[in-house]
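Step one of this worksheet: look at the structure below.
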Amino acid sequence: MAKINLTPDEMESVLGEKLKALRLFRNIDQTTLAERAGVSVRALRSLESGQGSTIATLVRVIRALGREEWLNSIAPVATINPLALTREAQPRQRASRRSRIRSMD
């Protein structure tokens, strides 16, 4: 079971380990993946070791590994627009008692 409250450093380390495991599972060496991703071997090594990286490097490596769908789970698209709900809401017919008391102050 995954630990829920990871520090940012721990999260980077876990993400790097997962990317490395996927690379090894697919039997791809660091040089080949770095070339496919368009990043340096040093940047890939830093990403896999959890030593920090850029978002651009992360995205390039994820794409080179064919895992773009991972990015969809980061910020899923909302299926309900909250603004649309407010437009459809019925307008207030009267003020609540609490509001009238405050307006008298």
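Reckoned from all heavy atoms, side chains included, excluding hydrogens, waters and symmetry mates.
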Worksheet item: Is Val59 linked to Ile28 within one hydrophobic cluster, defined over Ile, Leu, Val, Met, Phe, Trp and Tyr using a side-chain heavy-atom separation of less than 4.5 Å?
Response: yes
Fill in: side chain to side chain contact (heavy atoms under 4.5 Å, CB included) involving Thr57 - partner list, sequence neighbours excluded
Val39, Ala43, Leu47, Ser53, Thr54, Val61
Worksheet item: Distance from Lys20 atom NZ to Leu15 atom CG, nearest 0.5 Å?
Response: 14.0 Å
Worksheet entry | Short side-chain to backbone donor-acceptor contact, Gln30 and Val41, under 3.5 Å | no
Practice prompt. Just grab all the salt bridge (Lys or Arg N to Asp or Glu O under 4.0 Å) pairs involving residues 28-41, residues at least two apart or on different chains.
Written response: none
Practice prompt. Only pairs at least two apart or in different chains count here, so list each salt bridge (Lys or Arg N to Asp or Glu O under 4.0 Å) that has a residue in residues 42-53.
Written response: Arg23-Glu48
Worksheet item: Residues two or more places apart in sequence or in another chain: which of them pass salt bridge (charged side-chain N to carboxylate O under 4.0 Å, His left out) with Arg67?
Response: Glu69
Worksheet entry | Contact check, side chains of Leu44 and Thr31, non-hydrogen atoms, under 4.5 Å | no
Fill in: Contacts of Ser40 that satisfy side-chain hydrogen bond (donor to acceptor under 3.5 Å, both in side chains) - sequence neighbours left out
none
Worksheet entry | Transitive ILVMFWY side-chain link Leu71 to Leu19, under 4.5 Å | yes
Practice prompt. State yes or no: do Trp70 and Ile55 share one hydrophobic cluster built from I, L, V, M, F, W and Y residues joined by side-chain heavy-atom distances below 4.5 Å, directly or via other members?
Written response: yes
Discussion item. Return the CG to CZ distance between Leu58 and Arg63, rounded to the nearest 0.5 Å.
Written reply: 12.5 Å
